[in-house]
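Written out below as C-alpha cells is the structure these notes cover.
Atoms considered below: every heavy atom in the structure, side chains included; atoms not considered: hydrogens, waters and symmetry mates. Because the structure is a prediction, the values reported are computed rather than measured.
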Amino acid sequence: FSDWETKTVAILHDAIEDTAKFKREDLPRKVTERKLRAAGFPEHVIAAVVAMTKPPGKNNYQRYLREQVLPNLLARRVKAADNYVNLRDAIGSWTQDADALHRVNKYVDALHLLKRGYRLR
C-alpha cells in the first residue's frame, strides 16, 4: 500500500462510525460508504474504512476484530496503529481503577490478535 492509502484510511477510520450519531438534520455531514464512493475514493480504501467501522450496539471487540478487521490487510495495518496509540494514551493516563485496566488489557489483546493476523497471511 502507498503512504497515501494508509494515511487516508487512518484519517477516515472513525468517520462513518462517529458521524452515524448525527441527527437527521445533520445528514449532509454524515459520512457513508456511498458518499466516500461519490467523492472518488478507491474501492479498497472504502473497504478498509468500512472494515474498521464497528457495528452499532455490538460490544464484542475481539469478534469485531476477527470478523471485520483481520480479513482486510489495510484495515488491519491501520487498526494496529490505532490500538497502539490508544494503549499508549491509556497507559499515559494510568489510574488504578478497573476501567483503566480493562482498556489497557483490551488494547494489548487486540494488538496480539492483529499481530497474529499478520502471520496468518
Side-chain angles (χ1 to χ4, degrees):
F1 300 108
S2 73
D3 280 346
W4 178 88
E5 294 164 319
T6 304
K7 289 175 185 176
T8 301
V9 173
I11 290 166
L12 294 171
H13 81 277
D14 281 335
I16 294 174
E17 185 179 323
D18 289 351
T19 63
K21 301 166 190 165
F22 286 153
K23 298 175 184 161
R24 187 156 186 80
E25 59 270 14
D26 294 328
L27 282 177
R29 289 193 255 170
K30 270 190 165 181
V31 176
T32 65
E33 183 177 352
R34 194 177 97 223
K35 286 183 179 180
L36 292 175
R37 194 168 284 112
F41 287 99
E43 287 298 320
H44 67 286
V45 168
I46 296 168
V49 173
V50 169
M52 293 188 69
T53 303
K54 288 184 279 235
K58 301 248 179 167
N59 290 328
N60 189 321
Y61 193 69
Q62 292 288 320
R63 180 180 296 152
Y64 148 74
L65 290 176
R66 281 192 306 276
E67 293 176 1
Q68 284 185 229
V69 177
L70 279 177
N72 186 300
L73 182 59
L74 184 52
R76 188 181 333 146
R77 184 181 200 182
V78 173
K79 190 56 146 175
D82 184 44
N83 274 274
Y84 171 77
V85 170
N86 291 341
L87 176 61
R88 185 194 64 200
D89 291 347
I91 291 170
S93 62
W94 184 260
T95 61
Q96 293 299 324
D97 66 26
D99 287 341
L101 184 58
H102 173 75
R103 280 193 315 279
V104 168
N105 286 328
K106 171 183 162 180
Y107 297 128
V108 167
D109 290 347
L111 285 167
H112 282 291
L113 178 64
L114 292 165
K115 182 180 176 194
R116 278 198 318 266
Y118 274 111
R119 289 195 300 239
L120 294 175
R121 300 262 174 216

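- Residues that satisfy the side-chain contact (heavy atoms from CB on, under 4.5 Å) test with Asp14, not counting sequence neighbours, are Glu17, Asp18.
- Checked by atom type and distance alone, the side chain of Glu5 never pairs as donor or acceptor with a backbone atom of Val45 at under 3.5 Å.
- For Glu67, the side-chain contact (heavy atoms from CB on, under 4.5 Å) partners at least two apart in sequence or on another chain are Arg63.
- Here Leu114 contributes atom CG and Arg77 contributes atom CZ; the two are 13.5 Å apart, rounded to the nearest 0.5 Å.
- Note on Val9 and Trp4: same hydrophobic cluster, where clusters join Ile, Leu, Val, Met, Phe, Trp and Tyr whose side-chain heavy atoms are under 4.5 Å apart, directly or indirectly.
- Annotation: the span from Arg66 atom CZ to Asn60 atom CG amounts to 6.5 Å, rounded to 0.5 Å.
- Lys79 contributes atom NZ, which lies 11.5 Å from atom CG of Leu70 (distance to the nearest 0.5 angstrom).
- Every residue was checked against the side chain to side chain donor-acceptor pair (under 3.5 Å) condition with Arg88, not counting sequence neighbours, and none meets it.
- For the residue pair Leu12 and Val49, the shortest heavy atom distance occurs at O-CG1, 3.6 Å.
- Atom CG of Leu65 and atom CG of Leu111 lie 9.5 Å apart (nearest 0.5 Å).
- Taking Ala51 as the reference, Asn72, Ala75 meet the side-chain contact (heavy atoms from CB on, under 4.5 Å) condition, with sequence neighbours excluded.
- Scanning all heavy atoms of the two residues, the minimum distance from Met52 to His13 falls at CE-CB, 3.5 Å.
- Between Arg76 atom CZ and Asn83 atom CG the span is 13.5 Å, to the nearest 0.5 Å.
- Here ring pair (Phe, Tyr, Trp, His ring centres under 6.0 Å) pairs that include residues 62-89, with residues two or more places apart or in two chains, are Tyr61-Tyr64.
- Take Tyr107 and apply the ring-ring contact (aromatic ring centres under 6.0 Å, His included) test, not counting sequence neighbours, and it matches no residue.
- One finds the CZ atom of Arg37 at 4.5 Å from the CD1 atom of Ile46 (value rounded to the nearest 0.5 Å).
- Of all heavy-atom pairs between Glu33 and Ile16, the closest is N-CD1, 4.0 Å.
- Here the shortest heavy-atom pairing between Val78 and Ala10 reads CG1-CA, 3.6 Å.
- With hydrogens and angles ignored, the 3.5 Å screen pairs a side-chain donor or acceptor of Thr19 with a backbone N or O of Val31.
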